> 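The structure under discussion is supplied below as structure tokens; questions concerning it will follow.
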Amino acid sequence: LFMDDSGNTKAGYIKMLGQNNAFVHMTFNCGENSPCQDIKLRQAIAYCIDAAACAYKVYGNVGQVCNAPTNPNLSDSGLDFGSDDYFTFNIDKAKQLVEESSYNGETLKMLVLPKSTISPSVVLIQSYCLQIGVKIEPLEYDMAQFRKVRVEKTGTEYDIELLGATSADDTVYVSVKELDNRAYGNGLGRHFVDDPELQELYEKSGDASTTSPEIIQQLLDRITENVYIYGMYYCPSLFFGSDKIVSGTVIAFDDAIYPSFIVNNG
């Protein structure tokens, strides 16, 4: 409504960017009942997906690529958050990792959160994975069925979750909550693996007395090393209004995000 096909704001309007804690990502079932238990297969999938193309497919030229397992604009991330070489798109490397893995042509079931910021990426993900010989079957349900399937405890219903996490709380701790082994009644979290070091770092990151940028980075490093979550893309919040607005800012207040504007009434 407010932008042309080139991404420019139409006459009479102004566009501003603000913080957004949402991000689209994959959570892998690393348990014994899934082919994704092989870390090389998980790495291969992360390397074979062009996250920038997925971001553009959904958000156009305002889409951004994650450089870590989560959105890089979170309040507890620290100054050295993320990495420029975070699973950089590399088909050749992905093919090599598949060859080195135990993958044997199984069809991987991918549970898809039914949201418009996620669904358009499904076809792209399938296509990228086929280039390295990995077959993906999307499980696309309505929200009621998705919620029912998602919390099953056995780790047999799906191999990958394609999710778009968001929360009123803009912290790393909340953004990776599916890894919490206390949250889903299976003692393992949605990655279906018992990882005491991960759990310790997760709990420390959520405790005001123990969290720090260093703890947050250790948590993210642990997630990345094991490819429990693969962060894909996100988009800043977009604020549109009359071109009478001359400036704006985003103010954090009680864990919520509110825009504030200066208006020229002249």
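Start at 1 with the first residue, then count along the sequence. Note that the structure is a prediction, hence the values are computed from the model and not measured.
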> Does Leu163 belong to the same Ile/Leu/Val/Met/Phe/Trp/Tyr cluster as Val65, with side-chain heavy atoms less than 4.5 Å apart forming each link?
no
> By side chain to side chain contact (heavy atoms under 4.5 Å, CB included), which residues pair with Thr210, not counting sequence neighbours?
Lys204, Asp207
> Roughly how far, to the nearest 0.5 Å, is the CD1 atom of Ile160 from the OG atom of Ser34?
7.5 Å
> Might you point out which heavy atoms bring Thr154 and Asn33 nearest each other, and give the distance in Å?
O-ND2, 3.1 Å
> Walk me through it: do Met110 and Val122 pass the test side chain to side chain contact (heavy atoms under 4.5 Å, CB included)?
CA-CA 9 Å; Met110 184 172 71; Val122 171; 4.2 Å; yes
> I'd like to check His25 versus Cys66 (side-chain heavy atoms, cut-off strictly below 4.5 Å). Are they in contact?
no
> May I ask whether Phe146 and Val112 are part of the same hydrophobic cluster, defined by side-chain heavy atoms of I, L, V, M, F, W, Y residues being less than 4.5 angstrom apart, directly or through others?
yes
> Are Ile14 and Thr9 close enough, and set up right, to give a side chain to side chain contact (heavy atoms under 4.5 Å, CB included), and what steps lead you there?
CA-CA 6 Å; Ile14 188 172; Thr9 310; 5.6 Å; no
> Report yes if some heavy atom in the side chain of Tyr47 is under 4.5 Å from a heavy atom in the side chain of Tyr128; otherwise report no.
no
> Only one of Ile132, Leu97, Val134 passes side chain to side chain contact (heavy atoms under 4.5 Å, CB included) with Leu41; say which it is.
Val134
> Please say yes or no: joined through hydrophobic side-chain contacts below 4.5 Å, possibly via intermediate residues, are Tyr59 and Phe2 part of one cluster?
yes
> Which heavy atom in Lys109 sits nearest to a heavy atom in Thr156, and how many Å separate them?
NZ-O, 3.2 Å
> Counting distance only, does the side-chain N/O of Asn71 pair as donor-acceptor with the main-chain N or O of Ala22 below 3.5 Å?
yes
> Using every non-hydrogen atom in the two residues, find where Tyr228 and Leu179 come nearest and quote the distance to one decimal.
CB-CD2, 4.1 Å
> Just checking, any donor-acceptor pair under 3.5 angstrom between side chains of Ser102 and Asp38?
yes
> Does any N or O in the side chain of Ser101 come within less than 3.5 Å of the main-chain N or O of Val98, such that one atom is a donor and the other an acceptor?
yes
> Any side-chain heavy-atom pair from Met232 and Met26 closer than 4.5 angstrom?
yes
> Looking at every non-hydrogen atom in both residues, tell me the closest pair between Tyr230 and Ala46 and how far apart they are.
OH-O, 3.4 Å
> When you look at Cys54 and Ile49, which way does the side chain to side chain contact (heavy atoms under 4.5 Å, CB included) test go after all the steps?
CA-CA 8 Å; Cys54 293; Ile49 295 172; 4.1 Å; yes
> Which pairs pass salt bridge (Lys or Arg N to Asp or Glu O under 4.0 Å) with one or both residues in residues 96-107, sequence neighbours excluded?
Lys40-Glu100
> For the residue pair Cys48 and Ala94, what are the closest heavy atoms and their distance?
CB-CB, 3.7 Å
> Report the distance from atom CG of Leu113 to atom CD of Glu161, rounding to the nearest 0.5 Å.
9.0 Å
> For residues Tyr158 and Tyr184: do they belong to one hydrophobic cluster (side chain heavy atoms under 4.5 Å, members Ile, Leu, Val, Met, Phe, Trp, Tyr)?
no
> Salt bridge (Lys or Arg N to Asp or Glu O under 4.0 Å): which pairs involve residues 185-198, sequence neighbours left out?
Asp195-Arg222, Glu197-Arg222
> Would you mind reporting whether Leu130 and Ser127 have side-chain heavy atoms less than 4.5 Å apart?
no
> Tell me the salt bridge (Lys or Arg N to Asp or Glu O under 4.0 Å) pairs involving residues 126-146, sequence neighbours left out?
none
> If you round to the nearest 0.5 Å, how far is OG1 of Thr171 from CD1 of Ile216?
7.5 Å
> Check Asn29, Leu198, Ile229 against His191 for a side chain to side chain contact (heavy atoms under 4.5 Å, CB included) and give me the one that passes.
Leu198
> Once you round to the nearest 0.5 Å, how far does SG of Cys36 lie from CG of Leu108?
5.0 Å
> Should we say atom OH of Tyr13 is surrounded by more than 12 heavy atoms from elsewhere, each under 6.0 Å from it?
no
> Got a sec, which residues hit side-chain hydrogen bond (donor to acceptor under 3.5 Å, both in side chains) with Asn186, two or more places apart in sequence or on another chain?
none
> Please tell me if the side chains of Val227 and Phe87 come closer than 4.5 Å, counting only heavy atoms from C-beta onward.
yes
> Under the rule for side chain to side chain contact (heavy atoms under 4.5 Å, CB included), what residues qualify as partners of Arg182, not counting sequence neighbours?
Tyr173, Asp180, Gln199, Tyr202, Glu203
> State the SG-CG distance between Cys30 and Leu188, to the nearest 0.5 angstrom.
11.0 Å
> Give, for atom CZ of Phe192 and atom CG of Asp159, the distance between the pair rounded to the nearest 0.5 Å.
10.0 Å
> Which heavy atom of Val58 sits nearest a heavy atom of Ser116, and at what distance?
CG1-O, 4.3 Å
> Within the side chain of Thr224, is there an N or O that forms a donor-acceptor pair under 3.5 Å with the backbone of Asp221?
no
> Report the C-alpha distance between Asn226 and Val193 in whole Å, list the side-chain angles of each, state the deciding distance to 0.1 Å, and finish with yes or no for side chain to side chain contact (heavy atoms under 4.5 Å, CB included).
CA-CA 11 Å; Asn226 291 278; Val193 168; over 6 Å; no
> Which of these passes side chain to side chain contact (heavy atoms under 4.5 Å, CB included) with Arg150: Thr27, Leu139, Leu111?
Leu111
> Give a yes or no on whether Tyr56 atom OH has more than 12 heavy-atom contacts from other residues, nucleotides or ligands under 6.0 Å away.
no
> Do Ser121 and Val24 make a side-chain contact, defined as non-hydrogen atoms from C-beta onward lying under 4.5 Å apart?
no
